[in-house]
There are 2 protein chains.
Amino acid sequence: MANDVIEALRAAVGAAHCLTGDAIEDRYLHDWMVKTPPGRPLAVVRPADTAQVSAVLRACHAARVPVVPQGGRTGLAGGALPAPDCVVLCLERLDAIEEIDPAAATMTVGAGVPLETIQQAAQGAGFLFPLDLGARGSCRIGGNLSTNAGGNRVLRYGMARDLVLGLEAVLMDGTVLSGMNKMLKNNTGYDLKQLFIGSEGTLGVITRAVLRLFPQPRSRCTALCALTDYDAVVRLLNHVRAGLGPHLAAFELMWPDFYQLVTSSLPALSTPLPHGHGAYVLLESMGTDPQADQARFEAVLGEALMSGVVENVVIAQSEAHVASLWSIRDASGELQRIFWPHAGYDVSIPTGELGGFIQACTRAVKKQWPGARTVFFGHVGDSNIHIGVKVDEEPFPEPDIDRTVYGLVRDWGGSVSAEHGIGVLKRPYLGFSRSAAELAAMRALKAALDPLGLLNPGKVLPEPEG
Amino acid sequence: MANDVIEALRAAVGAAHCLTGDAIEDRYLHDWMVKTPPGRPLAVVRPADTAQVSAVLRACHAARVPVVPQGGRTGLAGGALPAPDCVVLCLERLDAIEEIDPAAATMTVGAGVPLETIQQAAQGAGFLFPLDLGARGSCRIGGNLSTNAGGNRVLRYGMARDLVLGLEAVLMDGTVLSGMNKMLKNNTGYDLKQLFIGSEGTLGVITRAVLRLFPQPRSRCTALCALTDYDAVVRLLNHVRAGLGPHLAAFELMWPDFYQLVTSSLPALSTPLPHGHGAYVLLESMGTDPQADQARFEAVLGEALMSGVVENVVIAQSEAHVASLWSIRDASGELQRIFWPHAGYDVSIPTGELGGFIQACTRAVKKQWPGARTVFFGHVGDSNIHIGVKVDEEPFPEPDIDRTVYGLVRDWGGSVSAEHGIGVLKRPYLGFSRSAAELAAMRALKAALDPLGLLNPGKVLPEPEG
């Protein structure tokens, strides 16, 4: 049986692109977060195009063999981990940029194109593709879309979902759903692409996409603000939303615990505003007119200072200054080194409630682990906060911290995954953010599109209770 | 049987809100486009809240009685027309604005709130709810979301789909799916709300929504441009996209046939630019700084004039001047009077191809009906063009014109419905824009969520072939 399907797979993609046994390289076995795969695949196949993807899925469907799609394997929730005796369907050879259409402002790409390649191709054609995240050099657009990636510019340009006009996906039975739409307005029946964006490869395999391109911004204005407390943060957010309008591109909160930790621990960082304030916000606008935009930015922040919304502000005066302010926020990348061992979280809470949540979460953690330390930082304009909890206890009590933090997220009506997805790691907590009726509806969709449950099994959806 | 279900409906919503026989007012029987309903309903029910909607659907599900949801019945495709012996489920009493959350920049509403009421409430709280269309006083938000309404500001703010963060919908079996999310980032499993937006009430009944609010713009700059041909229109579009960035709010093409017709036929209109140019574009930007934005707007259009992208331009210098320029574009509302009888179309074509499509469509129509006249106008920035075809023939050959126009849309890879939806009127043409595999996937979704096919039957999805 296993031999039959391998023969079919070799016929589908060519023997050189159907790897089995020791020929399977280690990189296909794990992602950036989970180093130990739950099982070893039967084979890794690397189809060259949509027709081959369809042939692979048809063969696996006929043989009842589970399939796990993979992009760049940079996920943080284990969504691309091989299941035991599955076929890993690697999309890396679908790496063509098929077209850039300047009139439609679109780029048509294969699922295997690395995000950074897309960003560079857009720039070369005089456009911006705004999706951006740390893994840009390794992640691939199919994975970005499957996980509805977020990143640094969601406030202005939206999530990955908002950057797609057309999509092609293949169902488990090999059916190709090709909806390579280039048009902003298209109300012809159900919007099928939405099913495949953010469902982490459990409903279909994304093979191609039509992406939206944007004009390149011509100005960038950046400031770091110090504020008394979270109420002032919300006042500042509304002030700059109104004053900067759609130019507002980033509104990043750094809680004092985070700001103090990174500026004290990392000698390369400056401390542009003193410790001791109640909150720090890094904000940025991007526009079309460098001179007028900087004047506008300074006027809006001047108003915030005069009216007492902010206590202190530093406005970047050069590209080097911009980089130096961002390096404080981006020091979150150093937490593995300067704040270890810790458990990390990527959650959302309605923006107005975030301040109360931070306080409640800090209290709950310190009550349970009196020596614990926390850091809070994130994209507050998107209601997204990242949390680090450091506890000096052996063995590290990660499951207990998970339950404490996710339990609070549930109580505050938040999301246990703002942008990283569910994969395998957050499966036990999906029910903290979604109702039983919603989970049942998700299972009904899964059963409609993959009735045998062969596509990326064991991901996203928890087992039904009882 | 019919009596049993009526008893159950009376119990669910109260006798006063369960109308039968002659008590059913005429307004429940048709929409703005189709005046003759295909059948008379068994009853019209007006539930007061989600629990009552669920009870109505449970009762109809148990009795196998079809249900047709209705909002403001302003649709242009017949999506809300009663089916014979159905129960009309009218959402007009779910008309509460439940909350405005200034920190999250959201408004929580019932499905029955009129669009204009939402716009006014947003304005009263210092925000903008940008969805806008001619029926604003009569249409209701549940209908706007069910049909994924478009309108005048899609270029800047997106379709109705893009303006929703959370949604509550009830399935045909009475299951309430409540996902009243307020957060921009939330990747917890499948994004179920996408199923109900744009599916015209065939998959579930929308009962409540969390809408996104935006800052009110503080500046508005408007201009009318004359150009040599469609190539120049695309060059201007790319020029203003780059120069005005996210402030670009409207880019409306008027083909010479349209511009000449309305400015010659309507004495109230001025003719700010002479007849005889190859294309006319009305464009608008909205920003945060009246003085700087007007200077920027004039500079960007000045560049377009100097480089020969536009032949002539009029920039509005007052609010009255803005209104006078818009009145030319809005004269499309007078076509019923000055351009009759005609068949009207709402289609999309990729922006780069639109010029060629307009020429091909004009040729095809005039070849078949030598005396025919056409008008082309629409939201070219969104790839959306409206078409009017006037033929002096008795009886008016609408089905033949439909086949000619939609056949060309199919050949050019366009959409037979840009923003009005499919309903009953465009059902025969859905297959012109979607593949057999896509239609099969839509049917699989319908079967998963409404296995008995009781919810808004006969809408959107064509009968499977043979």
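Letters A, B, ... mirror the listed sequences (proteins, then strands); counts begin at 1.
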Relative to chain B, which segment of [X] carries a heavy atom at a distance below 4.5 Å: side chain, backbone, both, or neither?
| X | answer |
| --- | --- |
| A:L461 | side chain |
| A:V347 | neither |
| A:D162 | side chain |
| A:T106 | neither |
| A:L192 | both |
| A:N148 | both |
| A:A447 | neither |
| A:R156 | side chain |
| A:V460 | side chain |
| A:M159 | side chain |
| A:S348 | both |

Below 4.5 Å, heavy-atom pairs only: which of [options] has the largest tally toward chain B?
| options | value |
| --- | --- |
| A:L439, A:I197, A:L203 | A:L203 |
| A:Q194, A:K182, A:M183 | A:M183 |
| A:S199, A:P246, A:A104 | A:P246 |
| A:T351, A:L237, A:D101 | A:T351 |
| A:I349, A:D346, A:L165, A:N181 | A:I349 |
| A:G150, A:G243, A:A437 | A:G243 |

Tell me, side chain or backbone of [X] under 4.5 Å from chain A's heavy atoms, or both, or neither?
| X | result |
| --- | --- |
| B:L244 | backbone |
| B:A105 | both |
| B:R296 | side chain |
| B:R427 | neither |
| B:R235 | neither |
| B:V234 | side chain |

Tell me, out of [options], who's got the most heavy-atom pairs with chain A below 4.5 Å.
| options | value |
| --- | --- |
| B:M180, B:R218, B:Q216 | B:R218 |
| B:S383, B:G352, B:A418 | B:A418 |
| B:P350, B:A444, B:G198 | B:P350 |
| B:G287, B:G381, B:G126, B:S178 | B:S178 |
| B:N238, B:T175, B:L171 | B:N238 |
| B:V300, B:D191, B:T288, B:D293 | B:T288 |

Interatomic spacing from [atom1] in [X] to [atom2] in [Y] - rounded to 0.5 Å:
| X | Y | atom1 | atom2 | value |
| --- | --- | --- | --- | --- |
| B:H420 | A:K185 | NE2 | NZ | 8.0 Å |
| A:Y190 | B:R434 | OH | CZ | 11.0 Å |
| A:N187 | B:T147 | CG | OG1 | 7.0 Å |
| B:L155 | A:L184 | CG | CG | 7.0 Å |

(request) Kindly indicate whether the side chain of B:L445, heavy atoms from C-beta on, has any atom under 4.5 Å from the side chain of A:L195. (result)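 B:L445 reaches A:L195 side chain to side chain.
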(message) Can you confirm whether A:I422 sits close enough to B:T188 that some side-chain heavy atom of one is under 4.5 Å from a side-chain heavy atom of the other?
(response) yes
(request) Can you see which heavy atom on A:A242 is nearest to which on B:P215, and at what distance? (result)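 Closest approach of A:A242 to B:P215: CA-CB, 3.7 Å.
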(message) Could you report the tightest heavy-atom contact between B:G189 and A:L430, atom names first, then the distance?
(response)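 Taking B:G189 first and A:L430 second, the nearest heavy atoms are N-CD1, 3.9 Å.
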